Amino acid sequence: MNALAPTETAPTEAAPTETAPEAAAEAPLEGFRIGVTSHRRSRDLIEALERRGAEVLHAPALKIAPVNEDISLIEDTKAIIAAKPDLCIATTAYGMRRWCEAADASGIGEQLLETLGACRMFVRGPKARGAVRAAGLADVGISSDETTATLVDMLLAEGVRGKTVAVQLHGYTDVRQLERLRMSGATVLTVTPYRWVKPDGADRLPRLIEAACSGNLDVLTFTSAPAVDAMWSTAHEMGLYKQLVESLKTTVTTAVVGPVTAQPLLDAGITPLVPERFRMGALIRLVCEHLALNHVRRLDTRSGNVELRGRSLRIDGEAVEIAPAPLLLLRALLGAGGAVLSRESLSELLELRGSVHALDMTVSRLRSSLPDGKLVETVVKRGYRIRV
């Protein structure tokens, strides 16, 4: 799991060509519904999204088990102390702090620090380095891209044959990297300061999956790879795995905090948003930029200035309430920018199976919801368009 911090800078993207209204600038996520799957520090992420105007659906996919329930953590720590490793890899700040705290609570904290102080420490990123140094230890190498694979490359380059390597895991075991060390002749010992277990409120994750599959979600965020795996497992149990993957490929944007978290999505053929700096603040800014560039529709029409942001419709700055099906129809018409959309294409979009009557009813509901029903114009024998 990647460490999170709210201060780093997001990657730069092109600004929108239109000037957003002042209200949109203050609440860039107004009208958008965003799913949050994290457990640890989820409140920070949720509050940051809500401050920007988003509606948040929170469904923690996994939570971290309490230390007092994790007997294996102390047993693994004692094994590492006894082995006196030559090298040690620290992957996360949270894991390093939790490891030291658990050892202190068990009366072996000084022994652990003495053992780690005698070996060469390698860290996966700046946050892990900070935790190592806060414990009074020193590191001799850091990954250039905050990945375990790069750290293992460094160790293999200097040689590990005949050496003992201790690895602090981070809740998602990268088996391939451990195997690379073993195949190169190292004895590998691992410790997992935190384990993932199912959270309370087990019905929330299925509801989030249903929202994604039904198109009632704009963005789905992940801050750990195990959370992605837990969602896949739950979707399989619900019989919705294929539908969920298809939704995440097409209608729902996924956003992750870093490449480790991204991997289970990439393995499923889904390309998530990944900030250049693997931090929560950068993730939030990237989501805001992506939605502003790709999911905000603005059009000057004869009925006024129309702006559609997710599920929030404003005409000349005034909010307009509109039901989901008419809203989907309006989004398509706005996206066409005044061009005609055929009845056939609109029926397919609404999954009406060619029902002329159902399409006419949806158009009628849309018009009745608008301050000026003439905004949606019928083009005889062709279809419908926005009157610009």
Side-chain angles (χ1 to χ4, degrees), residues 1-8 39-41 44 64-152 154-155 158 160 163-174 177-178 181 186-196 223-224 257-258 260 277-280:
M1 182 175 66
N2 294 298
L4 305 178
T7 55
E8 273 69 20
H39 180 263
R40 189 174 76 88
R41 293 196 63 191
D44 293 346
I64 296 172
V67 169
N68 59 9
E69 294 181 9
D70 202 344
I71 299 173
S72 62
L73 170 58
I74 301 306
E75 293 176 347
D76 291 341
T77 301
K78 290 179 178 178
I80 288 173
I81 291 171
K84 301 185 184 303
D86 304 287
L87 308 166
C88 179
I89 292 176
T91 59
T92 64
Y94 179 70
M96 190 68 199
R97 289 194 301 269
R98 190 178 172 102
W99 188 14
C100 292
E101 289 168 2
D104 281 337
S106 297
I108 56 174
E110 289 298 324
Q111 292 173 263
L112 174 61
L113 291 179
E114 183 179 344
T115 299
L116 297 181
C119 70
R120 303 179 71 228
M121 295 283 297
F122 291 79
V123 296
R124 199 178 69 165
K127 302 288 281 187
R129 167 175 278 174
V132 165
R133 293 183 177 179
L137 303 169
D139 62 272
V140 298
I142 185 171
S143 168
S144 60
D145 58 0
E146 300 188 43
T147 65
T148 306
T150 299
L151 274 184
V152 172
M154 294 170 63
L155 267 64
E158 69 172 52
V160 296
K163 296 182 179 180
T164 299
V165 182
V167 183
Q168 174 252 311
L169 301 176
H170 51 90
Y172 181 69
T173 305
D174 192 337
Q177 303 313 321
L178 300 181
L181 289 169
T187 298
V188 179
L189 299 177
T190 63
V191 61
T192 307
Y194 50 91
R195 291 183 302 106
W196 299 104
T223 58
S224 74
V257 77
V260 174
R277 297 295 300 273
F278 312 145
R279 304 290 184 264
M280 187 167 67

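When a residue number appears, it is its place in the shown sequence, counting from 1. Everything numeric in this text was worked out from a predicted model, so none of it was measured. Because only heavy atoms are used, hydrogens play no part in the values below, and waters and symmetry mates are left out as well, while side chains stay in.
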Minimum side-chain heavy-atom gap [X]-[Y] below 4.5 Å:
{"X": "Ile81", "Y": "Leu112", "answer": "yes"}
{"X": "Leu73", "Y": "Thr192", "answer": "no"}
{"X": "Met96", "Y": "Leu116", "answer": "yes"}
{"X": "Leu155", "Y": "Ile89", "answer": "yes"}
{"X": "Leu113", "Y": "Leu137", "answer": "yes"}
{"X": "Pro85", "Y": "Thr115", "answer": "yes"}
{"X": "Gln168", "Y": "Thr92", "answer": "yes"}
{"X": "Glu158", "Y": "Arg120", "answer": "yes"}

Can you name the closest pair of heavy atoms from [X] and [Y] and give their distance?
{"X": "Ala131", "Y": "Arg97", "answer": "CB-CG, 4.2 Å"}
{"X": "Pro126", "Y": "Ile142", "answer": "N-CD1, 3.7 Å"}
{"X": "Ala128", "Y": "Ala90", "answer": "CB-O, 3.9 Å"}

**Report entry** Pairs touching residues 101-113 that satisfy side-chain hydrogen bond (donor to acceptor under 3.5 Å, both in side chains), sequence neighbours left out
**Finding:** none
Requested in this report: Carefully, step by step, assess Thr164 and Lys84 under the rule side-chain contact (heavy atoms from CB on, under 4.5 Å).
Outcome: CA-CA 8 Å; Thr164 299; Lys84 301 185 184 303; over 6 Å; no
Nearest 0.5 Å, what's the [atom1]-[atom2] distance between [X] and [Y]?
{"X": "Thr190", "Y": "Leu169", "atom1": "OG1", "atom2": "CG", "answer": "5.0 Å"}
{"X": "Leu151", "Y": "Arg124", "atom1": "CG", "atom2": "CZ", "answer": "8.5 Å"}
{"X": "Thr91", "Y": "Phe122", "atom1": "OG1", "atom2": "CZ", "answer": "14.5 Å"}
{"X": "Lys163", "Y": "Thr187", "atom1": "NZ", "atom2": "OG1", "answer": "12.5 Å"}

Query raised in the report: After noting the C-alpha distance and the side-chain angles of Val260 and Thr148, does the key distance pass the side-chain contact (heavy atoms from CB on, under 4.5 Å) rule?
Result: CA-CA 9 Å; Val260 174; Thr148 306; 5.7 Å; no
